*Asks:* 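What follows is a structure written as structure tokens; I'll ask about it next.
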Amino acid sequence: MQRIAVLTSGGDAPGMNAALRSVVRAADAAGVEVLGVRDGYRGLHRGWMEPIDARAVSGILHIGGTILGTARSHTFRSIEGRQDALKMMHEHGVEGLIVIGGDGSLKGADLLAQEGDVPVVGVPGTIDNDLTGSDFTIGFDTAVNTALEAVDRIRDTASSHHRLFFIEVMGRQAGWIATYVGIAGGATAALVPEQGVDLDALRDRVRDSFDMGKRFCLVVVAEGQPGGARAVAEEIFPADSDVELDHRVTSLGHMQRGGSPSMRDRVLGARLGDAAVQALLDDCNRIMVGEVRLELNHCPLTTAWSQESHPPSHLLGLLDRLAR
Ligand code: F6P
């Protein structure tokens with residue numbers, strides 16, 4: 001194998017640059033040329049790729065986002081779009097492709113590999129941590145720490161004002177971020193898409209907390225909760241409710257995706273980028289590299305994106321037991 005391409009796709013995640021740097025340098029060490037694809041699949045089917053060498057990825061470990069750019073490409077969802085991408089890869093002499101991204105991106109990678117003759121290896125890069133085949137995905141740790149910093153600030157003001165805050169965090173289908181932020185932030189509850197919510201019980205619990213002398217109450221809500229945090233707040237305390245409980249709603253939004261990656265995300269990116277190059281050199285195809293119990297892992301791409309991973313119920317139980 002003499003030339004491979006690499007792209008980042010879908011929602012950006014802190015640590016994607018560490019993975020890119022690792023791909024480029026591991027390939028360089030093996031005498032393989034790397035083409036960097038601009039703007040994910042949108043760039044792939046348009047042929048936006050150029051050589052990226054070991055120097056070009058210098059000084060990017062600490063930078064959030066992805067220096068290659070990313071996109072959510074609609075064209076690539078069609079077979080025609082993927083055929084265009086294959087044509088472009090042939091024209092540029094690409095013999096293997098590494099895709100760094102989340103479930104939608106890895107699904108695209110899987111289809112591309114299935115329909116074409118260029119081997120594809122995936123690297124889990126998403127703040128959602130919702131892929132099978134890796135205990136953690138690149139970006140999750142940083143996103144949780146970023147959200148946690150905001151939660152700590154909110155707790156300050158909540159405590160001063162004796163208030164309840166509903167804090168919405170990212171995670172459309174999976175409650176990983178909400179669960180970790182909830183435990184680490186000392187929330188009274190974390191509402192996640194994986195579990196139903198008993199709003200009456202939650203209202204009672206919040207009231208009891210204040211009655212027991214708590215000065216603040218934090219309820220973390222995953223965005224996947226129908227209507228998000230605002231809807232939950234309105235359902236618990238409708239406008240005509242006679243409950244006098246001062247509450248506010250905050251959505252942390254895209255700030256969770258930005259910022260300098262944590263040590264964990266940099267190391268995971270470094271490890272998995274290198275493993276992806278090695279996998280291509282070992283003739284692997286349609287797999288995602290990951291880390292399971294600190295060991296490198298290969299998982300079929302189809303399993304990685306189609307079997308969504310969810311936070312274990314024991315963690316939600318822990319949050320519940322500790323929320324007093
Ligand atoms: O996939 C990561 C993620 O941040 C999700 O948590 C969130 O639901 C989604 O992306 C937001 O996507 P966009 O940036 O396209 O609005």
Side-chain angles (χ1 to χ4, degrees), residues 7-19 39-43 64-66 68-77 99-110 122-134 136-151 166-182 184-185 190-195 220-232 249-262 264-265 268-269 272 288 290 301 304-311:
L7 62 83
T8 49
S9 167
D12 60 350
M16 278 184 162
N17 286 329
D39 295 343
Y41 291 129
R42 183 186 292 161
T66 157
L68 283 179
T70 185
R72 297 197 192 275
S73 167
H74 292 287
T75 316
F76 199 78
R77 289 181 198 158
V99 173
I100 306 168
D103 54 356
S105 307
L106 297 189
K107 179 178 181 182
D110 199 9
V123 174
T126 165
I127 66 163
D128 289 345
N129 203 41
D130 56 352
L131 297 170
T132 291
S134 192
F136 293 103
T137 57
I138 298 164
F140 172 69
D141 184 64
T142 308
V144 168
N145 281 302
T146 303
L148 207 51
E149 197 183 320
V151 166
F166 294 92
I167 306 169
E168 184 175 306
V169 297
M170 275 186 163
R172 245 192 308 247
Q173 268 108 33
W176 280 101
I177 298 178
T179 303
Y180 272 69
V181 168
L191 311 188
V192 297
E194 291 85 356
Q195 277 190 351
V220 180
V221 183
E223 67 172 321
Q225 200 62 35
R230 190 153 299 281
V232 172
V249 181
T250 302
S251 177
L252 301 187
H254 285 77
M255 66 170 296
Q256 293 162 94
R257 286 232 301 258
S260 185
S262 65
R264 280 182 188 275
D265 283 329
L268 188 60
L272 298 187
M288 183 194 82
L301 261 182
W305 66 261
S306 67
Q307 288 179 21
E308 219 169 60
S309 121
H310 296 286

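Treat the numbers as computed from the prediction; the structure is a model and nothing was measured. In each ligand, atom 1 is the first atom listed, and ligand 1 is the first ligand listed.
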*Asks:* Would you find more than 12 non-hydrogen atoms of other residues, nucleotides or ligands less than 6.0 Å from Arg230 atom CZ?
*Replies:*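 Counting other residues, nucleotides and ligands, CZ of Arg230 stays at 12 neighbours or fewer.
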*Asks:* To check your reading of the model: name the closest protein heavy atom to atom 4 (O) of ligand 1, its residue, and the distance in Å.
*Replies:* Arg257 NH1, 2.9 Å
*Asks:* Show which atoms of ligand 1 fall inside a sub-4.0 Å distance from at least one heavy-atom site of Glu223.
*Replies:* 5 (C), 6 (O), 7 (C), 8 (O)
*Asks:* Nearest to atom 6 (O) of ligand 1, what protein heavy atom do you find, and at what distance?
*Replies:* Asp128 OD1, 2.6 Å
*Asks:* Does the side chain of Asp141 pick up a donor-acceptor pair with the side chain of Ser262 at under 3.5 Å?
*Replies:*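 The criterion, which ignores hydrogens and geometry beyond distance, is satisfied for Ser262 and Asp141.
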*Asks:* Set out, in order, the CA-CA distance, both residues' side-chain angles and the distance that settles side-chain contact (heavy atoms from CB on, under 4.5 Å) for Val221 and Val169, then state yes or no.
*Replies:* CA-CA 6 Å; Val221 183; Val169 297; over 6 Å; no
*Asks:* For Met170, take its heavy atoms, then give the atoms of ligand 1 lying under 4.0 Å from any of them.
*Replies:* 4 (O), 6 (O)
*Asks:* What part of Ile127 sits under 4.0 Å from ligand 1 if we count only heavy atoms: the side chain, the backbone, both or neither?
*Replies:*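 Contact part for Ile127 vs ligand 1: side chain (C-beta onward).
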*Asks:* For Arg72, counting its heavy atoms only, list the atoms of ligand 1 lying under 4.0 Å from any of them.
*Replies:* 1 (O), 9 (C), 10 (O), 11 (C), 12 (O), 13 (P), 14 (O), 15 (O)
*Asks:* When you measure from the heavy atoms of His254 to every atom of ligand 1, does any distance fall below 4.0 Å?
*Replies:* yes
*Asks:* Report yes or no: does a heavy atom of Gly171 sit under 4.0 Å from some atom of ligand 1?
*Replies:* yes
*Asks:* Pro14 and Ile127: which non-hydrogen atoms are nearest, and at how many Å?
*Replies:*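 Of all heavy-atom pairs spanning Pro14 and Ile127, the closest is CD-CG2, 3.9 Å.
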*Asks:* Could you tell me whether the side chain of Ile177 reaches within less than 4.5 Å of the side chain of Phe140, counting heavy atoms only?
*Replies:* yes
*Asks:* Angle between ring planes, Tyr180 versus Trp176, binned at 30° and 60°: parallel, tilted or perpendicular?
*Replies:* tilted
